[in-house]
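Chain identifiers are assigned alphabetically (A, B, ...) following the order of the sequence lines, protein sequences preceding nucleic acid strands; residue numbering begins at 1 within each chain.
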There are 2 protein chains.
Amino acid sequence: MDDATAARREVALMLRRLDVELDAVSQRFALAHGLNRTDVRALVAIMDAARRGEALSAGGLGAAVELRSASVTALVDRLERGGHVRRVRDPEDRRRVTLAMSESAMAAGAEHFGGLSRDMVDALGGYTDEELAVVVRFLTEMTEIVQRHARTDPPD
Amino acid sequence: MDDATAARREVALMLRRLDVELDAVSQRFALAHGLNRTDVRALVAIMDAARRGEALSAGGLGAAVELRSASVTALVDRLERGGHVRRVRDPEDRRRVTLAMSESAMAAGAEHFGGLSRDMVDALGGYTDEELAVVVRFLTEMTEIVQRHARTDPPD
DNA sequence: GGCTAATCTCTCGAAGATCGAGACTATCGT
DNA sequence: ACGATAGTCTCGATCTTCGAGAGATTAGCC
């Protein structure tokens, strides 16, 4: 293996390393709020949907965090009991239950992840437009590749 | 918010998106091998340690995946029962138990994650040295930031 | 319009995962 | 040597996830 390939392999490792560290941030949030990993993933999914202007349904949440409906019910029970979320019956389709984040959960999320995002944006302020374009290209291509593997990997 | 900041904020979102997709790859691996999330994280930690030439101990594994010793025992029991790992009493310190990955688990990991890594390296082959340097800088800085937050975030 | 099938969430009991407390063995420091 | 410390394991309790199936609502068809 030549040096060029080694350098590129190193980049792949760095990406995984970053992934691990990101995980630690979530873990920290979980610890601080008495949540487990699943609950944090759920809150993030709900918050992401809210950012996109959608209200996630119980089923949608299950798809996002990969849990069966029985587990989603239990999960939402926990989140509701903790005051992070409340159930809202969808008036369009009264079978569905949508999840609305509470003010406090929204604030806690912003407090914890907002600072991280802000620091990232600040750091990126030191990049020229050309450099930023490289980063965007990198993230776009990596996401495409990962997505392809997430869908078609198991030839089993 | 001006366009420049918007673009940089977008990058932060893309990074999180990539994180989610990476998670899906692990989930896929878990599904294909009848493992849960924790087990996959554990196998990855053991494999990473092996790549660095270290043999992870039970305690080290617990630190890596954030589990108490009782849970680590149960976790290693599961992995050992599944033939993914075997316990090896450390001859240097006979209190310790180190984890050795089985051939089959090693192969399965390479099969699943190796392809992903290969595709990434291939894609990075299209980057000039200058572009690669930008990517490395980006990953390095982001990791630093995330790491800082993972350690000091909760001012609670 | 009414009937059947499909969709969405929930309940229940069983199986799996995590934990705290404490036991047991091996090592370290004096 | 000997007490203290570190590393792993056992046990029982608690929390999480799941499959199966019930109940309620909507969609499709005649």
Side-chain angles (χ1 to χ4, degrees), chain A residues 23-24 26-28 30-46 49 54-100, chain B residues 23 26-46 49 54-100:
Chain A
D23 206 59
S26 292
Q27 176 69 13
R28 197 83 179 208
L31 218 62
H33 295 85
L35 301 168
N36 60 37
R37 267 170 211 285
T38 299
D39 295 359
V40 175
R41 295 204 324 137
L43 284 177
V44 168
I46 296 171
E54 305 167 21
L56 208 56
S57 69
L61 177 60
V65 301
E66 316 208 48
L67 285 182
R68 305 293 152 210
S69 86
S71 310
V72 173
T73 299
L75 162 60
V76 175
D77 283 349
R78 289 196 299 274
L79 294 179
E80 203 168 32
R81 200 176 322 123
H84 305 102
V85 144
R86 64 176 195 289
R87 287 175 160 93
V88 179
R89 189 59 70 178
D90 183 350
E92 302 288 314
D93 181 344
R94 299 182 29 70
R95 290 169 303 184
R96 313 175 85 223
V97 166
T98 61
L99 289 333
Chain B
D23 206 59
S26 292
Q27 176 69 14
R28 197 83 178 206
F29 183 77
L31 218 62
H33 295 85
L35 301 168
N36 60 34
R37 268 170 211 284
T38 299
D39 295 0
V40 175
R41 296 204 322 140
L43 284 176
V44 169
I46 296 170
E54 305 167 20
L56 207 56
S57 70
L61 177 59
V65 300
E66 317 207 48
L67 285 182
R68 305 293 153 209
S69 87
S71 309
V72 173
T73 299
L75 162 61
V76 175
D77 283 350
R78 289 196 299 274
L79 294 179
E80 202 168 32
R81 201 176 322 122
H84 305 102
V85 145
R86 65 176 195 289
R87 286 175 161 92
V88 179
R89 193 54 77 174
D90 182 351
E92 301 288 314
D93 180 343
R94 299 183 28 72
R95 290 169 304 183
R96 313 174 85 226
V97 166
T98 61
L99 289 333

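Within the 3.5 Å criterion, the main-chain N or O of R94(A) finds a donor-acceptor partner in the side chain of R89(A).
Relative to the side chain of T38(A), the nucleotides dT17(D), dG7(D), dC9(D) differ in distance, and dT17(D) lies closest.
The distance from atom CG of D90(B) to atom C1' of dT27(C) is 12 Å, rounded to the nearest whole Å. Residue L35(A) contributes atom CG, which lies 14 Å from atom C1' of dT16(D) at whole-angstrom precision. If you measure from atom CZ of R41(A) to atom C1' of dT17(D), you get 13 Å, rounded to the nearest angstrom. The CG atom of D93(A) sits 8 Å away from the P atom of dT9(C) (whole-angstrom rounding). Here dG7(D) presents its P atom at 15 Å from CG of L99(B), a figure rounded to the nearest Å. Across the protein-nucleic acid pair, R95(B) atom CZ and dA6(D) atom P stand 9 Å apart, rounded to whole Å. We find that CZ of R94(A) is positioned 13 Å from P of dT9(C), with the value rounded to whole Å. Rounding to whole angstrom units, CD of residue E92(B) and C1' of dA6(D) are separated by 16 Å.
At a threshold of 4.0 angstrom between heavy atoms, the contacts of R89(B) with the nucleic acid are absent. Residue-level contact check: R37(B) touches neither bases nor backbone, having no heavy atom under 4.0 Å from any strand.
The distance from atom OG1 of T73(B) to atom CD of E80(B), rounded to the nearest 0.5 Å, is 11.0 Å. Between S69(B) atom OG and L61(B) atom CG the span is 12.0 Å, to the nearest 0.5 Å. Residue L35(A) holds its CG atom at 6.0 Å from CG of L43(A), rounded to the nearest 0.5 Å.
The side chain to side chain contact (heavy atoms under 4.5 Å, CB included) with I46(B) is formed by just one residue from the set V76(B), T98(B), V65(B), L99(B); it is L99(B).
Taking every heavy atom of residues 65-78 of chain A and every atom of DNA chain D, pairs under 4.0 Å involve L67(A), R68(A), A70(A), S71(A), A74(A), R78(A), by number.
Look at R87(A) and you'll find a side-chain N or O under 4.0 angstrom from OP1 or OP2 of dC10(C).
For the pair N36(A) and G60(B), nearest-nucleotide mapping onto DNA chain D gives the more 5' position to G60(B).
A salt bridge links D23(A) to R41(B): one of the charged nitrogens lies within less than 4.0 Å of a carboxylate oxygen.
Atom CZ of R86(A) has 12 or fewer neighbouring heavy atoms from other residues, nucleotides or ligands inside a 6.0 Å radius.
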